[in-house]
Amino acid sequence: MNINDRNFIHKCTSCQICASVCPKEAISINLNLDGFYRPYIDKDKCVNCGICKKVCYKFTDVPQYTADDAKHYAAHALDSQVVERTTSGGIADILCQKLIEEGYTCVGVEYDYDKNIAVGAVATHREDTLKFRGSKYIQSYSYPVFKELLEMDKNGKYAIFGTPCQIFGLDKYLKCRKRREQFVLIDIYCHGCPSMNVWSKYVKKIQQQSGFKKFDYLNFRSKVRGWGNFNVFALVDGKPVYVGPKVNDNFYTLFFSDAVLNDSCYDCQLKSTLEFCDIRLGDFWGKSYDMNNKGISVVSLASSKGVELFEKIRDNVWCKQHLSSDFLPYQSWGRNYAVNHELRNTLLAQLADANISLNRVINSYWHAMPLSKRIKQLAKNAVLLMPTSVISMIKKLYH
Ligand SMILES: Cc1cc2nc3c(=O)[nH]c(=O)nc-3n(C[C@H](O)[C@H](O)[C@H](O)COP(=O)(O)OP(=O)(O)OC[C@H]3O[C@@H](n4cnc5c(N)ncnc54)[C@H](O)[C@@H]3O)c2cc1C
């Protein structure tokens, strides 16, 4: 009995928890041709203990959850430098700092500048946590670090920042092992993760455009044009060498198209439940903070542990309590994305082909879109080309 059983009800999320918890190291994680992390089982090593299946979303039906059971806040760090250097309001950064002060070992996601992938990493000092700042909008390669953490001192205190699918698997495992109390689990309001091949092609393109093979710093969503914009930004020797375009950024066109997300993201139930985390973080989208250009996080406190931890950072943040109806309708919560299988297969095949440029993939995507969608995009682009203050005003009027 292992995750290769055929009686699954969901697709693989690429969370990699199966490999982290396998006692025989029978599971390895590799990217498949479509650019998604997948587990591969060594039959000779597998003893059919079934632990991988117990922690796997593929075999679990998740009960519906109402977000009204949690407490929700809009929040941002009081330190303006933290807000500037983080994705939303910098709450993940402030939480991580507090957890380190309280003696927790933390796991977050950093960027590997040699391999151009997002990877899970351990932090035990404040300096280590700085590399976690900023969302990397791709699935992280995290199974080695989860494994390392789960094997550390059984009496230690640990905190893990991850996607809802990673946090789900970890919560299941820790409950099985009766170790959940030692862990703080923090996840994100999640749109989904695109094929790694999108990011690989994008990186290649910006390497060519900038003339640099390796970057010293890369921000998937910098605030150079204000919060709410999605602009990749790269530095070499402290100098900007790439700033994504104001409109039609290739990576974000495909990210938001939902055309090349991981199979399980299309009808993911985990993005619509707070059952497995202590805290969920996101951008506070919606009309309440339309005019804010610096960044506001939504902080959903799902457990008493989450409430307690948030209480401890209250002196370092501005916050205001909200109803879930103030932000949840603007998230992907409760939504399934429509999937055009034919288009998805075409795009994934093109993305996997080293001879096909990202521009050609984008052309194929737009070619398949109805005229109405293309016109809508042109209108959106016209707005995005306006000054930030005007965009905020238009957003406010729209809402
Ligand atoms: C793939 C992805 C999809 C997302 N979709 C949405 C969405 O639809 N709606 C929304 O409101 N917010 C979404 N977010 C979350 C949002 O971008 C911010 O991460 C969140 O608001 C926290 O911001 P912050 O300023 O508090 O965090 P920061 O202080 O900037 O820290 C970022 C935190 O995210 C963690 N992180 C970075 N990359 C990853 C990754 N690839 N996987 C797991 N954890 C990571 C870091 O370890 C760190 O703890 C998404 C994030 C990711 C990675």
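Atoms within each ligand, like the ligands themselves, are counted from 1 in listed order. Computed from a prediction, not measured in an experiment: that's the story for all the values here.
- Closer than 4.0 angstrom to ligand 1 sit non-hydrogen atoms from Thr86, Thr87, Ser88, Gly89, Gly90, Ile91, Ala92, Asp93, Gly108, Val109, Phe132, Arg133, Gly134, Ser135, Lys136, Tyr137, Ile138, Phe161, Gly162, Thr163, Ile188, Tyr189, Cys190, His191, Gly192, Cys193, Arg221, Gly282, Asp283, Trp285, Ser297, Gln331.
- For the side chain to side chain donor-acceptor pair (under 3.5 Å) with Tyr189, the lone residue among Ser300, Ser332, Ser272, Ser88 that qualifies is Ser300.
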Using distance only, find each side-chain donor-acceptor pair of residues 229-243 under 3.5 Å and give its atom names and separation, not counting sequence neighbours.
{"residue": "Asn229", "atom": "ND2", "partner": "Arg225", "partner atom": "O", "Å": "2.5"}
{"residue": "Asn229", "atom": "ND2", "partner": "Gly226", "partner atom": "O", "Å": "3.4"}
{"residue": "Asn231", "atom": "OD1", "partner": "Arg225", "partner atom": "NH1", "Å": "3.4"}
{"residue": "Asn231", "atom": "ND2", "partner": "Pro245", "partner atom": "O", "Å": "3.2"}
{"residue": "Tyr242", "atom": "OH", "partner": "Tyr202", "partner atom": "OH", "Å": "3.0"}

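- Using a 4.5 Å cut-off between side-chain heavy atoms of Ile, Leu, Val, Met, Phe, Trp and Tyr, Ile313 falls into a hydrophobic cluster with Tyr73, Val82, Ile91, Ile94, Leu95, Leu99, Tyr104, Phe161, Val184, Ile186, Ile279, Leu281, Val299, Leu301, Val307, Leu309, Phe310, Val317.
- By the 4.0 Å N-to-carboxylate-O rule, Asp353 lies too far from Arg360 to be salt-bridged with it.
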Donor-acceptor pairs under 3.5 Å, side chain of residues 129-138 to any protein atom, not counting sequence neighbours: which ones?
{"residue": "Thr129", "atom": "OG1", "partner": "Arg126", "partner atom": "O", "Å": "2.7"}
{"residue": "Thr129", "atom": "OG1", "partner": "Arg126", "partner atom": "NH1", "Å": "2.8"}
{"residue": "Lys131", "atom": "NZ", "partner": "Glu110", "partner atom": "OE1", "Å": "3.4"}
{"residue": "Arg133", "atom": "NE", "partner": "Asp93", "partner atom": "OD1", "Å": "3.1"}
{"residue": "Arg133", "atom": "NE", "partner": "Asp93", "partner atom": "OD2", "Å": "3.4"}
{"residue": "Arg133", "atom": "NH2", "partner": "Asp93", "partner atom": "OD2", "Å": "3.3"}
{"residue": "Lys136", "atom": "NZ", "partner": "Val109", "partner atom": "O", "Å": "2.8"}
{"residue": "Lys136", "atom": "NZ", "partner": "Lys131", "partner atom": "O", "Å": "3.2"}
{"residue": "Lys136", "atom": "NZ", "partner": "Phe132", "partner atom": "O", "Å": "3.2"}
{"residue": "Lys136", "atom": "NZ", "partner": "Arg133", "partner atom": "O", "Å": "3.3"}
{"residue": "Lys136", "atom": "NZ", "partner": "Gly134", "partner atom": "O", "Å": "2.9"}
{"residue": "Tyr137", "atom": "OH", "partner": "Arg221", "partner atom": "NH1", "Å": "2.7"}

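- Cluster annotation: Tyr252 is not connected to Tyr337 through the hydrophobic network of ILVMFWY side chains, with a link wherever side-chain heavy atoms come within less than 4.5 Å.
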